[in-house]
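Below: the structure, in C-alpha cells.
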Amino acid sequence: MTKLELAAWGLVLALLGAEVGLAVFRPWDHHVALSLSGSHTSPTATTPVTPSAGGKCPDVVVRRVEQLSTFPRSAWVHASDGVNVRAAPSSSASRLTTLATGTQLSLQGEQTSPDGSFWYRIRLSDGRDGWLSGRYTTNYPISLASTDSLKIWLPVSYQFQSTAPGKAEAHYKNGPVTLLYVESGARDQAPTETMVPAGLPPRATWTARPVEQALVGDLPATDHVFDIRLAGGSCAALVHEVRITTTTRYYDLIFLLDEPSSSVVAQLLDSATVQ
C-alpha cells in the first residue's frame with residue numbers, strides 16, 4: 001500500500017471516528033427531544049376517565065375529566081378549610097393568602113421538598129407567584145354537593161338526591177349510577193354497623209382489604225375497604241365505608257367505585273364538612 005493510500009485511509013478513519021464521537025457525545029439530541037415532546041400539547045387539554053376493562057364495573061367508574069400533566073394547567077383546591085399559599089415551597093414560609101375550597105388554580109410548575117412532599121407554583125389573580133401543597137389539590141373540576149348536614153366537593157356533574165329522612169345518594173347527572181351513599185342521624189341512635197344500601201350485595205359476601213386511616217375535614221375517621229361483586233357476581237367493584245362522629249351526630253358514607261378510582265376517596269373526604 002502506498003503512502004498516498006495510507007493517508008487516504010487515515011482520513012476516512014478519522015472522519016468515521018468523528019461521526020461516532022458525535023453520535024455518542026452530542027448532548028443536543030437529548031435537549032431537542034425534550035423540547036419537542038409536549039411542545040404542541042395544549043396546557044388546557046384534558047383526558048376523560050373512561051370505564052375500566054378486565055372485569056371491572058363500567059358503571060361505577062368515577063366520571064371526571066382530568067388535566068394532563070403539563071404546565072401550565074388547571075387544578076382545584078379540595079381542602080375543606082382552604083389551603084395556604086406560601087412565598088416558597090415550605091410550610092414555614094410566609095403566607096401570601098388562603099384559597100377557599102373549589103378555587104380553580106393555574107399551576108406553573110412543581111417542586112419536591114426534602115421530606116418528600118410536593119408543592120405547586122401557582123399564579124395568583126394579582127399576578128404574584130406563590131406555592132401550595134399538592135396534597136390539597138385535584139386535577140379535575142369539582143363542585144359543591146350537599147345534604148341537610150353534609151357538604152362535599154364531588155367531581156362536576158355529581159349531585160345528591162334525598163332517598164329518605166337522613167339518607168341521600170350522589171349520582172352522576174341525576175342518573176341511576178351511585179357514587180356515594182350517605183346516612184346520618186343522632187349519635188346515640190347510630191347502628192353498631194353501617195347499614196348496607198339497597199342494591200348492594202349482602203355484607204357477608206364482602207371481602208375486606210386492609211383498613212385505612214382518613215381525615216374528613218379535620219375529623220379522624222377509619223376507612224374500611226372491601227371488594228364486592230355486583231350484577232350477579234360478574235362485576236368487580238370496590239366499597240369504601242367511612243363513619244364520622246361528632247358530639248351530637250353520626251355520618252355513614254359508603255363510596256361505590258372501581259378500584260383504579262379509589263384514590264379519589266381521600267380527595268373527597270378532604271373536602272367534606274359536617275354539621
Side-chain angles (χ1 to χ4, degrees), residues 48-64 66 78-80 116-118 134-140 142 145 147 150 152-155 158 160 163 167-172 176-185 190-246 250-274:
V49 174
T50 54
S52 60
K56 301 295 182 183
C57 292
D59 286 342
V60 297
V61 174
V62 180
R63 268 104 175 138
R64 61 198 189 277
E66 297 187 339
H78 66 68
S80 61
S117 62
F118 67 99
R135 169 72 175 79
Y136 300 111
T137 67
T138 187
N139 67 344
Y140 49 85
I142 55 177
T147 69
L150 169 74
I152 190 169
W153 289 76
L154 300 176
Y158 283 93
F160 278 116
T163 58
K167 296 183 179 182
E169 299 176 2
H171 293 264
Y172 180 73
V177 180
T178 303
L179 165 63
L180 171 60
Y181 299 89
V182 177
E183 180 176 335
S184 63
T192 56
E193 193 172 56
T194 302
M195 301 297 292
V196 176
L200 295 186
R203 183 180 292 277
T205 66
W206 297 11
T207 302
R209 291 191 176 199
V211 173
E212 302 173 2
Q213 298 305 309
L215 282 175
V216 181
D218 57 357
L219 297 173
T222 302
D223 181 6
H224 296 271
V225 188
F226 301 89
D227 288 301
I228 67 169
R229 288 195 170 272
L230 302 174
S234 63
C235 196
L238 200 72
V239 159
H240 285 252
E241 183 182 67
V242 181
R243 171 167 288 186
I244 312 134
T245 56
T246 67
Y250 79 92
Y251 301 83
D252 284 335
L253 281 62
I254 291 183
F255 295 88
L256 176 64
L257 59 168
D258 80 327
E259 184 174 353
S261 301
S262 60
S263 62
V264 174
V265 173
Q267 299 168 351
L268 300 182
L269 293 179
D270 275 344
S271 74
T273 55
V274 296

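Everything numeric in this text was worked out from a predicted model, so none of it was measured.
- With sequence neighbours left out, Phe255 forms a ring-ring contact (aromatic ring centres under 6.0 Å, His included) with no residue at all.
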All N/O donor-acceptor pairs, side-chain side in residues 237-246, below 3.5 Å, sequence neighbours left out:
residue: His240; atom: ND1; partner: Asp223; partner atom: OD1; Å: 3.2
residue: His240; atom: ND1; partner: Asp223; partner atom: OD2; Å: 2.7
residue: Glu241; atom: OE1; partner: Arg203; partner atom: NH1; Å: 3.4
residue: Glu241; atom: OE2; partner: Arg203; partner atom: NH1; Å: 3.1
residue: Glu241; atom: OE2; partner: Arg203; partner atom: NH2; Å: 2.7
residue: Arg243; atom: NE; partner: Asp252; partner atom: OD1; Å: 2.6
residue: Arg243; atom: NH1; partner: Pro191; partner atom: O; Å: 2.7
residue: Arg243; atom: NH2; partner: Pro191; partner atom: O; Å: 2.9
residue: Arg243; atom: NH2; partner: Asp252; partner atom: OD1; Å: 3.4
residue: Arg243; atom: NH2; partner: Asp252; partner atom: OD2; Å: 2.9
residue: Thr246; atom: OG1; partner: Thr248; partner atom: N; Å: 3.3
residue: Thr246; atom: OG1; partner: Arg249; partner atom: N; Å: 3.0
residue: Thr246; atom: OG1; partner: Arg249; partner atom: O; Å: 3.4

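- For Arg209 (side chain) and Thr207 (main-chain N/O), no donor-acceptor pair under 3.5 Å exists by modelled atom type.
- Separating the CD1 atom in Ile228 from the SG atom in Cys57 is a distance of 7.5 Å, to the nearest 0.5 Å.
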Exercise. Decide side-chain contact (heavy atoms from CB on, under 4.5 Å) for Ile152 and Val182; before the verdict, give the C-alpha distance in whole Å, the side-chain angles of both, and the deciding distance to 0.1 Å.
Key: CA-CA 11 Å; Ile152 190 169; Val182 177; over 6 Å; no
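- In terms of heavy-atom proximity, Pro155 sits nearest to Arg64 at CB-CB, 4.1 Å.
- Lys167 has its side chain out of reach of Tyr181: every pair of non-hydrogen atoms, C-beta onward, lies at least 4.5 Å apart.
- Applying the side chain to side chain contact (heavy atoms under 4.5 Å, CB included) rule to Thr147 yields the partners Ser149, Leu150, Phe160, Ala168; only residues at least two apart in sequence or on another chain are considered.
- For Tyr140, there are no ring-ring contact (aromatic ring centres under 6.0 Å, His included) partners two or more places apart in sequence or in a different chain.
- Remark: Tyr250 engages Glu183 in a side-chain hydrogen bond (donor to acceptor under 3.5 Å, both in side chains) (not counting sequence neighbours).
- The side-chain hydrogen bond (donor to acceptor under 3.5 Å, both in side chains) search around His224 returns none, not counting sequence neighbours.
- Considering every non-hydrogen atom in both Phe118 and Arg135, the closest pair reads CZ-N, 4.3 Å.
- Using a 4.5 Å heavy-atom cutoff, the side chains of Thr205 and Arg229 are not in contact.
- The shortest heavy-atom contact between Thr138 and His78 is N-CD2, 3.5 Å.
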Exercise. Output, in order, the C-alpha distance, side-chain angles, deciding distance and verdict of side-chain contact (heavy atoms from CB on, under 4.5 Å) for Leu257 and Val265.
Key: CA-CA 9 Å; Leu257 59 168; Val265 173; 4.1 Å; yes
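- Minimum heavy-atom separation, Val196 to Pro201: CG1-O, 3.6 Å.
- Pairing each heavy atom of Gly199 with each of Leu230, the nearest pair is O-CD2, 4.3 Å.
- Between Ser271 and Leu268, the closest heavy-atom pair is OG-O, 2.8 Å.
- No side-chain heavy atom of Leu253 sits under 4.5 Å from any side-chain heavy atom of Val216.
- For Phe226, the ring-ring contact (aromatic ring centres under 6.0 Å, His included) partners two or more places apart in sequence, or in a different chain, are Trp206.
- Residues Leu200 and Ile254 form a side-chain contact, since some pair of their non-hydrogen atoms from C-beta on lies under 4.5 Å apart.
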